[in-house]
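Sequence lines set the chain letters: A, B, ... in the order given, protein chains first and strands last, and positions in each chain run from 1. All heavy atoms count here, side chains included; hydrogens, waters and symmetry mates do not.
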There are 2 protein chains.
Amino acid sequence: MDDLNIHNLENLDNQPQACAFNADCPTRLILNRIADKWTVLVMILLESETKRFSNLQREIGGISQKMLTQTLRGLERDGLVSRKVYATVPPKVEYSLTPLGHTLKDLLYAIKTWSETNIKEVLAAQKSYDEVSLK
Amino acid sequence: MDDLNIHNLENLDNQPQACAFNADCPTRLILNRIADKWTVLVMILLESETKRFSNLQREIGGISQKMLTQTLRGLERDGLVSRKVYATVPPKVEYSLTPLGHTLKDLLYAIKTWSETNIKEVLAAQKSYDEVSLK
DNA sequence: CCGCATCCTTAATGATACTG
DNA sequence: CAGTATCATTAAGGATGCGG
């Protein structure tokens, strides 16, 4: 695994194919994981405590059962979320962050904080852009 | 604009519809912007210096002209990127981050750093997950 | 050089029904 | 409750050609 195509992102002009900028670099996988519509929301909820499937679905507005399942499976496959099944009737499944998942805490909250801080400015920019486009 | 549905993310159990967890909250727009396949790559390139369209396309492996245009337009609309057209023949268009865009610098680099730091562990987790699934 | 418009293909998501 | 499976729908993306 030491031959992964991971390079320094500095001096990009001298390394046009560096790291994630190379379509074949595995680092792209991480970007595509974070760049998932639901990943951030699911992980922020799991960051504070273990939660059940139905709990997550109730708290995340607009997510379908299919999408939640898909997101959780992807996160589990990436080693960010762990899934614990209780052999009871009815079944009970608990999701939590793995230690690796918890290392994303600061990043997740940075995204949350930036979003909340700058949403108004972004909306204003959109409004302005759209008005100009109408001319 | 003071009536935006932005709430505290703490005590989520008491606020199941808080903020980005509400499908109708505008904060979702920000998540969907960051959760764009190309946003992070484009913005990291523009963070250090102004770049031309063809320059960006050359440096981002795998992005099509259509997707780069679409990403840049979206970022421009959100007030994160500014576009400067030179009325020359042939035309020259320069892209750079706005002051608002620059405020994402730390976040962008946090994503980059986390990705580079943990890519091996994620790949190992995927491999392990896939092997178990085959049984 | 930049990038829009069009057509076409493929991937993502939603809706519904069913199971341990 | 927590899914899986299937089908239908929609959205995303690629390819090509044209125009400022």
Calculate the interatomic distance between A:Leu68 atom CG and D:dC1 atom P; express it in whole Å. 14 Å
Using side chain to side chain donor-acceptor pair (under 3.5 Å) as the criterion, list what pairs up with A:Gln126, not counting sequence neighbours. B:Asp78
Any B:Thr69 side-chain nitrogen or oxygen under 4.0 Å from OP1 or OP2 of C:dC2: no
Round to the nearest Å and state the distance from B:Lys37 atom NZ to D:dG13 atom P. 6 Å
Treating B:Thr50 as the side-chain partner and B:Glu94 as the backbone partner, does any N or O pair qualify as donor plus acceptor under 3.5 Å? no
Between C1' on C:dA11 and CD on A:Gln70, what's the gap in Å once rounded to a whole number? 11 Å
Of the listed C:dC2, D:dG13, C:dA17, the closest approach to the B:Ser54 side chain comes from C:dC2
For D:dA2, take OP1 and OP2 only and decide whether either is under 4.0 Å from a side-chain N or O of A:Arg52. yes
Tell me the interatomic distance from B:Arg73, atom CZ, to D:dA12, atom P, rounded to whole angstroms. 17 Å
Does the side chain of A:Ser64 get closer than 4.0 angstrom to OP1 or OP2 of C:dG14 through an N or O atom? yes
For the helix from C:dG3-D:dC18 to C:dG20-D:dC1, what is the angle between the axes at its two ends, each from 5 pairs, rounded to 10°? 40°
Grab the CD-P distance between B:Gln65 and C:dG3 for me, whole Å please. 8 Å
In whole angstrom, give the distance that lies between atom CH2 of A:Trp38 and atom P of C:dA12. 16 Å
Both A:Lys66 and A:Leu72 contact DNA chain D. Taking the nearest nucleotide for each, which residue is further toward the 5' end? A:Leu72
Expected output: side-chain B:Arg28 to main-chain B:Ala20 donor-acceptor under 3.5 Å: yes
Any residue in residues 77-94 of chain A with a heavy atom nearer than 4.0 angstrom to DNA chain C? Just list them by number, or reply none. A:Pro91
Any donor-acceptor pair under 3.5 Å from B:Thr27 side chain to A:Ser115 backbone: no
May I ask you to decide if B:Gly79's main-chain N or O and B:Thr98's side chain share a donor-acceptor pair within less than 3.5 Å? yes
How close do B:Ile63 and B:Gln57 get, counting heavy atoms only, and between which atoms? O-NE2, 3.6 Å
Does D:dC1 have OP1 or OP2 sitting under 4.0 Å from an N or O in the side chain of A:Tyr95? no
Using whole Å, what does the distance between atom P of nucleotide C:dC2 and atom CD of B:Gln57 come to? 9 Å
Between C1' of C:dC2 and NZ of B:Lys51, the distance in whole Å: 18 Å
So, taking the atom named CD in B:Gln70 and the one named NZ in B:Lys37, what distance separates them when rounded to the nearest 0.5 Å? 12.0 Å
Side chain to side chain contact (heavy atoms under 4.5 Å, CB included) test vs B:Tyr95 passes for just one of B:Leu68, B:Leu75, B:Leu72, namely B:Leu72
Report the nucleotide, chosen from C:dC4, C:dG14, D:dG3, that has the shortest atom-to-atom distance to any side-chain atom of A:Met67. C:dG14
Is there side-chain contact between A:Asn118 and B:Ile30, with heavy atoms separated by less than 4.5 Å? no
Is it true that a side-chain atom of B:Thr113 and a backbone atom of B:Ala110 form a donor plus acceptor pair closer than 3.5 Å? no
